[in-house]
Number of protein chains: 2
Amino acid sequence: MSAVKESKLDEQVAQRLDQSGFRATPQRTHVYKTLTAKRDHPTAEEVFIRAKKEMPEISMATVYNCLDALVQSNLVKLVNHERGATRYCSNMMEHHHFYCDECGSAFDIDSAGAREPLVKMPAGFKPDRYEIAFRGLCPDCAGKKRGK
Amino acid sequence: MSAVKESKLDEQVAQRLDQSGFRATPQRTHVYKTLTAKRDHPTAEEVFIRAKKEMPEISMATVYNCLDALVQSNLVKLVNHERGATRYCSNMMEHHHFYCDECGSAFDIDSAGAREPLVKMPAGFKPDRYEIAFRGLCPDCAGKKRGK
DNA sequence: GTTGATGCAAAGCTTTTGCACACCG
DNA sequence: CGGTGTGCAAAAGCTTTGCATCAAC
């Protein structure tokens, strides 16, 4: 990763935050980077732990504040699919999620080339985006079940 | 329960619970009925409050236990879309959800006659169901925004 | 200076757990 | 009996809030 690319990313994040009425603080961009560094779906606490490695003075309250700001700026999505702490996802590319019934893991499913879902919307609703949650067995668990 | 004739619904619920290895207790069927009585997406606490009206001795822990059993028996779905308490939905007919960005309400969107979503699943995943979450403005909020 | 953000600690809300008792098989 | 479920209370987990301080506009 080059310094040039990084600053470009920073700029974009800053711009998005600004557009939504938030200041682009070091904490906010750092939380965003923490989230993008790994393609998983961490809880606020996991983000906090990771973020602290590079920014030891950051607090939990700030992580929540940052995540809120990032979600409202459409830089990060909530991905709750079961009880327990809210999870966050920084992959804003068009994609969906697959939740394994067996192990509970969440996977990103690319939606490139997918057809728009055809669902009749009742009058008056103005949808501007959608996300599909698939459920079933992930490759690992499907293998284990078959193996038995 | 008693030997008195149970309703057809009760029987079906009992059967589903049994199939999943749960006993069909009065609390479980009552929580299920409480949930089906109104077509909304209450939190566990809201379910508790409603359930207590007819069954004053029921406890919060039991409501959680019942909801768990119902979810595992596929009689009830979790519908989390924002931070805060988990919400539950007993409408298991094929349908999707619409979440309003403005007021945060969740609406059921009928999916009758909808086309299967066409998304390329990576090798090995065995999906058996899916749900689409739409986001945007509900009729009320869309109206107010236009009005301004 | 005014407003917004941070860090800390405390409070608040949501969910789970341990335990004694009751019930079903 | 043995195991499951319930109700209660306490604990644990997750998130928000109040406040003093600091930084940005």
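Chain identifiers are assigned alphabetically (A, B, ...) following the order of the sequence lines, protein sequences preceding nucleic acid strands; residue numbering begins at 1 within each chain.
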J.: In sequence, state the C-alpha distance, the side-chain angles, and the governing distance for A:Glu46 and A:Arg87, and then conclude on salt bridge (charged side-chain N to carboxylate O under 4.0 Å, His left out).
T.: CA-CA 9 Å; A:Glu46 285 164 347; A:Arg87 295 177 174 278; 3.7 Å; yes
J.: Determine whether more than 12 heavy atoms belonging to other residues, nucleotides or ligands lie under 6.0 Å from atom CD of B:Glu54.
T.: no
J.: Rounded to whole Å, please give me the gap between CG in A:Leu17 and P in D:dA24.
T.: 15 Å
J.: Nearest whole angstrom, please: distance from the P of D:dG5 to the NE2 of B:His30.
T.: 18 Å
J.: To the nearest Å, give me how far apart CG (B:Asp18) and C1' (D:dT4) are.
T.: 13 Å
J.: Which of these passes side-chain hydrogen bond (donor to acceptor under 3.5 Å, both in side chains) with A:Asp108: A:His41, A:His96, A:Arg39?
T.: A:His41
J.: So, for A:Phe134 and B:Phe125, is the gap between ring centers shorter than 6.0 Å?
T.: no
J.: Verify side-chain contact (heavy atoms from CB on, under 4.5 Å) between A:Leu70 and A:Leu17, making sure each step is shown before the conclusion.
T.: CA-CA 7 Å; A:Leu70 293 167; A:Leu17 284 167; 4.3 Å; yes
J.: Within the 4.0 Å limit for protein heavy atoms, which parts of nucleotides 10-16 of chain C are touched? Write it as a string from 5' to 3', B for base, S for sugar-phosphate only, - for none.
T.: ----SBB
J.: What's the shortest heavy-atom distance between A:Arg28 and A:Cys66, and which atoms?
T.: CG-SG, 3.5 Å
J.: Provide a list of protein-nucleic acid N or O atom pairs under 3.5 angstrom, restricted to nucleotides 1-6 of chain C.
T.:
residue	atom	partner	partner atom	Å
C:dT3	O2	A:Arg23	NH2	3.3
C:dG4	O4'	A:Arg23	NH2	3.0
C:dA5	OP1	A:Arg23	N	3.3
C:dA5	OP1	A:Arg28	NH1	2.9
C:dT6	OP1	A:Thr25	OG1	2.7
C:dT6	OP2	A:Asn65	ND2	2.7
C:dT6	O3'	A:Gln27	NE2	3.0

J.: Could you pull out the closest heavy-atom pair between B:Phe107 and B:Cys138, with the gap in Å?
T.: CE1-CB, 3.4 Å
J.: Do A:Thr86 and A:Leu67 have side-chain heavy atoms sitting under 4.5 Å apart?
T.: no
